Amino acid sequence: MNVSLLSDATTILLLATPEILIPVILGGVSLFLLQIGMGQAQTKFKLALVGLGIVLLLGSFAFHFMDAAPTLPKALQLAFGMLSVFGAVGLLSFREPIHAALGFAVAVLSTAGIFLLQAAPFIAASTIIVYVGATIIIFLFVLMFAQSTHPQIQDVRLTSPILAIFGGMLLLLMIQGAISTLPIAAIPERAPQRVVDLGRVMYTDYLYAVEIAGTLLLIATVGAISLGQKKRVGRTTTSASSLTPPASQRPL
Amino acid sequence: MTIDWNFLWPLGAAMVIVLGFVPVAGLYMTFIERKLAAYVQDRVGPNRVGPLGLFQSIADGIKIFLKEQVIPSHVHKSVYLFAPTIGLMCAMLSIAVVPYGPANAEPGPGFRAIIAPGVDIGILFLLAISSLSAYGIILGGWASNNKYSLFGATRACAQFISYEIPIGLSLLGIIAMTGSLNIEKLVAAQGDGIVNWNFWWQPLAALIFFVAALAESNRLPFDLSECEQELVGGFHTEYSGIKFVLFALAEYTHLVTVSFLTVLLFFGGWHFPGLTGPVDATVAGFLIRWVVLAVKVSLVVAFIMQLRWTLPRFRYDQLMGLAWKGLIPLGILNLLGLVIVLTFDASRWWMTILSVAILVLSGMANVTMAQKRIQRKAASRMAMETQYS
């Protein structure tokens with residue numbers, strides 16, 4: 001692509017068609033309602049409104065995809081997309097931490113579903129293993145011990161709601177513009193030997209990237225272990241091992 | 001949209017068989033387990049209902065459905081009701097890629113004894129779903145709003161996360177040698193005779209897989225999350241009636257899946273001396289292979305049940321130590337041996353020698369270290385006594 005970033009941005013801004021603007025404005029309304037919902041007690045009605053806004057937003061996306069006859073993969077893709085957005089909204093707006101974590105799980109699982117539809121089963125499976133399997137379980141593990149009956153006021157009070165709404169709207173505008181200008185890859189009909197191909201590409205063309213990522217993870221692991229260890233020096237113990245006299249007192 | 005019935009009827013039949021088989025199998029596994037327990041403990045076991053007590057499970061099933069639905073007042077109701085369903089759903093989902101009868105690796109028309117044939121990521125799918133199966137337990141334990149349930153759930157959490165790693169490590173060898181993640185292909189690669197069974201050249205991996213999979217399916221000696229002596233009943237303390245049975249059913253489904261996987265991945269699946277090569281189209285050949293597979297799986301199930309009544313439950317630190325200090329290092333060493341064999345393009349029988357050598361040497365090192373530790377402790381106690389006396 002020979003177009004610079006700036007002209008890309010101006011192209012997106014020039015694409016102010018109703019098709020793009022309506023979802024952006026609806027998204028802004030959703031964000032507004034979401035923030036009110038987070039600030040006050042009665043959330044259910046407002047959450048429903050947020051959901052409605054997002055359904056309308058996705059409906060506009062659906063027009064992009066549904067230009068031809070509706071097929072099962074397209075319907076599934078739409079359903080997965082909606083589910084993932086609902087999950088994300090749930091993650092942000094549920095009071096109970098465990099419900100929020102479940103919302104995130106739903107979002108990630110439906111993203112994996114979209115990967116599956118794009119004939120990328122390996123990515124789908126590894127997304128589930130890494131995010132839903134490991135990350136959220138650790139997350140839940142922590143949450144179970146941090147049960148609080150009332151949410152902290154810092155968590156629900158917003159410092160600058162107007163800025164957040166406009167920032168969110170700008171982000172939506174950019175995503176919408178990008179989606180409507182960039183070519184969307186077609187869903188491959190059938191992809192045999194995908195995992196083998198992926199492995200070959202990863203360990204030939206992208207060998208350095210894979211190795212560097214692996215090294216980084218190793219360093220992170222070593223760092224986590226060394227940070228997590230308690231300092232041995234100066235530790236006061238009352239355990240059975242303290243019965244052993246210190247080295248200076250022991251006979252040689 | 002046209003519906004291709006030639007494609008759909010085998011799929012529907014495979015699903016109906018699994019959905020029908022799993023609950024009945026769950027009920028009868030309880031019966032078999034009780035009979036085996038009675039045999040081990042020199043009792044008779046259930047023998048009142050029907051011939052040999054065979055209708056006991058059916059009576060139990062009817063009783064479960066007719067029981068009063070008790071929902072304690074202090075639980076988080078929605079999650080509390082949702083959790084057993086999630087548990088069973090994940091357990092059933094993992095069967096989708098496991099061939100429960102003979103199925104050729106090459107795609108073809110007609111009935112095949114697997115719900116999702118030819119899944120390119122078979123084993124990875126299994127690992128993904130088994131990592132989800134902790135959700136049922138965790139949510140159930142949390143939603144019960146009860147300290148003991150929560151303890152059980154957190155134990156299950158740590159256990160699931162820890163034992164996923166040795167499972168992955170133990171399966172890498174077979175995957176690397178066969179060059180596929182597809183379970184049907186992994187079975188077909190063992191089809192040329194009994195010497196081709198993966199167990200012979202990956203004995204250590206088979207051991208690691210079996211132990212870790214047992215821990216993942218929450219069976220004794222690894223059922224720390226439902227440890228009666230410490231936790232009343234564990235994560236399902238607040239559950240009763242059909243909600244409790246869904247948890248139990250999920251556990252038995254895991255047990256069946258683990259047994260199937262052990263047989264399919266390490267003991268040649270439906271192959272047997274004299275019964276080699278791809279599955280032939282005749283009904284008799286199909287049925288004989290099915291019987292062979294069923295017998296092998298039943299043997300593994302019986303072995304797991306005997307383990308329950310033979311071994312005492314681990315202590316919690318022993319459980320974690322077994323995963324992190326025992327199975328994971330062994331798995332990594334096994335993988336290292338495999339890498340050496342693959343790099344030098346050597347015969348895979350070197351793997352057998354290496355596996356046995358790794359197991360024996362690590363065992364010897366462990367014993368030596370334990371002896372040294374005991375000697376050091378004794379010496380320091382002696383020194384203390386001489387000093388203070």
Side-chain angles (χ1 to χ4, degrees), chain A residues 69-73 75 96-99 101-102 105-106 108-109 112 115-116 119-145 147 149 190-200 240-241 243-247 249-252, chain B residues 1 3 76 78-79 82-83 86 90 97 107 116 118-135 137-139 141-143 145 147 149-151 153-161 164-165 168 175-176 179-182 376-377 379-384 386-388:
Chain A
T71 57
L72 190 62
E96 198 77 68
I98 208 151
H99 292 159
L102 279 183
V106 167
V108 176
L109 277 176
F115 284 142
L116 267 182
F122 182 83
I123 311 281
S126 42
T127 310
I128 293 178
I129 291 175
V130 172
Y131 288 101
V132 193
T135 312
I136 311 269
I137 287 181
I138 294 172
F139 193 52
L140 286 176
F141 195 77
V142 174
L143 285 180
M144 281 188 211
F145 287 111
Q147 288 190 67
T149 44
R190 182 101 186 107
Q193 297 290 309
R194 269 286 147 160
V195 182
V196 176
D197 291 344
L198 185 72
R200 192 164 290 136
S241 65
L243 287 175
T244 316
Q249 290 179 16
R250 262 182 235 157
L252 289 172
Chain B
M1 230 192 304
I3 297 168
H76 296 81
S78 56
V79 182
F82 199 35
I86 294 184
C90 293
V97 294
V119 177
D120 207 21
I121 51 156
I123 290 208
L124 214 57
F125 177 84
L126 266 178
L127 291 180
I129 297 300
S130 80
S131 69
L132 291 186
S133 57
Y135 271 82
I137 293 175
I138 293 168
L139 293 179
W142 178 82
N145 202 5
K147 276 189 188 113
S149 300
L150 189 64
F151 279 142
T154 46
R155 283 180 174 191
C157 237
Q159 187 180 333
F160 272 95
I161 293 172
E164 256 166 41
I165 305 167
I175 294 166
S180 175
L181 289 166
N182 186 338
R376 213 165 36 235
K377 247 184 205 164
S380 72
R381 195 177 299 127
M382 287 257 294
M384 217 159 66
T386 47
Q387 193 189 9
Y388 291 114

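Since the model is a prediction, treat every value here as computed from it, not as a measurement. Letters A, B, ... are given to chains in the order of the sequence lines, protein chains preceding strands, and every chain is numbered from 1. Heavy atoms only: backbone and side chains are in, while hydrogens, waters and symmetry mates are out.
Closest of all the heavy-atom pairs between I121(B) and A125(A) is CD1-CB, 3.9 Å.
Heavy atoms closer than 4.5 Å to chain A are found nowhere in F160(B), neither backbone nor side chain. Residue contact with chain A, scored on non-hydrogen atoms closer than 4.5 Å, involves the side chain of I161(B) exclusively. Heavy atoms of L127(B) lying under 4.5 Å from chain A belong to its backbone as well as its side chain.
In this structure, the side chain of Y135(B) does not engage the main chain of L102(A) through any donor-acceptor pair within 3.5 Å.
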